4 protein chains.
Amino acid sequence: MIISLDTSSSIPIYVQLRNQIVLGIGRGELKPGESLPTVRQMAKDAGINTMTVNKTYQILKTEGFIEIDRRSGAFVSKSQRMDKDFEEKLESDLTLLMAEASVKGMDKEDFLKLCERVFAGLEPCQEL
Amino acid sequence: MIISLDTSSSIPIYVQLRNQIVLGIGRGELKPGESLPTVRQMAKDAGINTMTVNKTYQILKTEGFIEIDRRSGAFVSKSQRMDKDFEEKLESDLTLLMAEASVKGMDKEDFLKLCERVFAGLEPCQEL
Amino acid sequence: MIISLDTSSSIPIYVQLRNQIVLGIGRGELKPGESLPTVRQMAKDAGINTMTVNKTYQILKTEGFIEIDRRSGAFVSKSQRMDKDFEEKLESDLTLLMAEASVKGMDKEDFLKLCERVFAGLEPCQEL
Amino acid sequence: MIISLDTSSSIPIYVQLRNQIVLGIGRGELKPGESLPTVRQMAKDAGINTMTVNKTYQILKTEGFIEIDRRSGAFVSKSQRMDKDFEEKLESDLTLLMAEASVKGMDKEDFLKLCERVFAGLEPCQEL
DNA sequence: GTGGTCTAGACCACG
DNA sequence: GTGGTCTAGACCACC
């Protein structure tokens, strides 16, 4: 998968990398059980420091998206489960997003259509 | 409207404040044309620095949510319009959110139901 | 409070530091609401790197022992609560410890006496 | 006895294995004088490297939990005795555990009750 | 081979 | 002032 980072962005690199990997999993480019590049390899590919990659991997591990095996490195978790914290985060993020959209003139129908469109962009690579 | 900030959160205070105000507008607690507290008043009420409030107001202005009149202070914009930048931000934020949800096992139906539910929580206070 | 680290130990410095701080709180040397040294100060005092201290503080924050305020730095949490994860960790650690003690010939009475003695060593500095 | 290891845990495999064996002895599943599987057999059963098992056995030997006879392999020590090092380790581990528990709101009574409960879970399999 | 830890020092974001 | 991020490069622990 292709990683594109913007080092001049105000979003920390480790967050950008985290998001890109989550998107990769969401799009099905990274399948459950599939290995991620080693910390060193990813650092080299992305042109960043190993500690930055390490931090990203630790976060993804904490969030349950990946597991890290001492022997073979990191791989996408096989069984993902939505925990309560994540559910709350999802709802509050979505609430903010919908408030912004609504203020900017989108009604419910528009928003749901947008959701459909975004989902369609995710779908072709995997079965949901 | 009530502002609740968590100074020991990792989310910067000015972002929390910005989000709370956007939510307030989205919920109809702050109506178009309605005045916001002065920078000093808001700072006093929320127990934060005036610079922080000032930063928040500038951001809200840049995003088009409020207008700032030298004489009468800040007020909620009367005509909000979705510009291209905002549309892109919305779509990319939504994509990430849906990717996370999908990886954690939510399917499209679940997500759309969640959207309906969140919208219902926003609606009673205003007409969309 | 006095921090003593053993850089030649196999226990990572950030873990040693974490343990010392938890002990300090447990002994009442650090009271709820009391400030911890800044990251830089602690690093200087302990003769270690700021990032190492930062890591320790992040862990203590995650574990709920301290809170980090953007404005004034880190301080001991005022309301500590035992969550489920911690309860499980406590029980499994204790199980291992008691198994070891039992194999080495301690019976229940001996162990409970040891507990009393250790608690007495913690107590004089605070009210439990 | 059943050994369950988590290769994606942050706890080294040799430590996990060591703990499981100590627990097995503590619970009476492994009795004094009883043989442990050979290094190769254990490695095969647990799906890990022989070097890892070997390291675990050496540690258990150093700690006095097992003895290793060149001819008959490893077996649980017949006479366990608490040496000074172990006593110190036990006390310092227990101190940390009690500090954590105390900070999280457990008082002495709660802790002693927990000890009783944990001991009861160990007891049925052996005479203490 | 893998990830984990640590350092020294720089720079940025926040309030 | 505070903490947060990032780097380059070293060394260690684990398997």
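Keep in mind that this is a model prediction, so the values were computed, not measured. Chain naming here is simple, since letters A, B, ... match the order of the sequence lines and numbering starts at 1 in each.
Look at Arg18(A) and Glu100(B) and you find a salt bridge, because one of the NZ, NE, NH1 or NH2 atoms lies within 4.0 Å of a carboxylate O, short of that distance.
Ile59(B) has its CD1 atom 12 Å from the C1' atom of dC14(E), to the nearest Å. Between Asn54(A) atom CG and dT5(E) atom P the separation is 8 Å, expressed in whole Å. Rounded to a whole Å, the NZ atom of Lys44(C) is 14 Å from the P atom of dA8(E). Atoms CE (Met51(C)) and P (dG4(E)) sit 14 Å apart, rounded to a whole Å. Between the NZ atom of Lys55(D) and the P atom of dA13(F) there is a distance of 8 Å, rounded to whole Å. Rounding to whole angstrom units, CD of residue Glu67(C) and C1' of dT2(F) are separated by 16 Å. Note: CG (Asn49(C)) to C1' (dG9(E)) measures 9 Å, nearest angstrom. Ile48(D) places its CD1 atom 21 Å from the P atom of dT2(E), with the value rounded to the nearest Å.
A heavy-atom distance below 4.5 Å is found between the side chains of Ser8(B) and Asp6(B).
dG3(F) and dC12(E) make up a base pair, with Watson-Crick or G-U wobble contacts both under 3.5 Å.
Closest non-hydrogen pair, Gln20(D) versus Met1(D), comes out as O-CE, 3.3 Å.
In terms of position along DNA chain E, the nucleotide closest to Tyr14(C) lies nearer the 5' end than the nucleotide closest to the other residue of the pair Thr52(B) and Tyr14(C). When each of Arg71(A) and Arg70(C) is assigned the nucleotide of DNA chain F bearing its nearest heavy atom, the one mapping closer to the 5' terminus is Arg70(C). For the pair Ile13(C) and Thr38(A), both in contact range of DNA chain E, the more 5′-proximal nearest nucleotide belongs to Thr38(A). Each of Pro12(A) and Asp69(C) lies near DNA chain F, and the nucleotide nearest Asp69(C) is the one positioned closer to the 5' end.
In summary, of the residues considered (Ile48(A), Thr50(A), Thr56(A), Ile21(A)), a side-chain contact (heavy atoms from CB on, under 4.5 Å) with Met42(A) occurs for Ile21(A) alone.
Without hydrogens or angle criteria, Thr52(D) side chain to Tyr14(D) main chain gives no donor-acceptor distance under 3.5 Å.
When each of dG3(E), dC15(F), dG4(E) is scored by its nearest atom to the side-chain atoms of Gln58(A), the top-ranked nucleotide is dG4(E).
Donor-acceptor pairing under 3.5 Å, judged by distance alone, is present between the side chain of Arg40(A) and the base of dG3(E).
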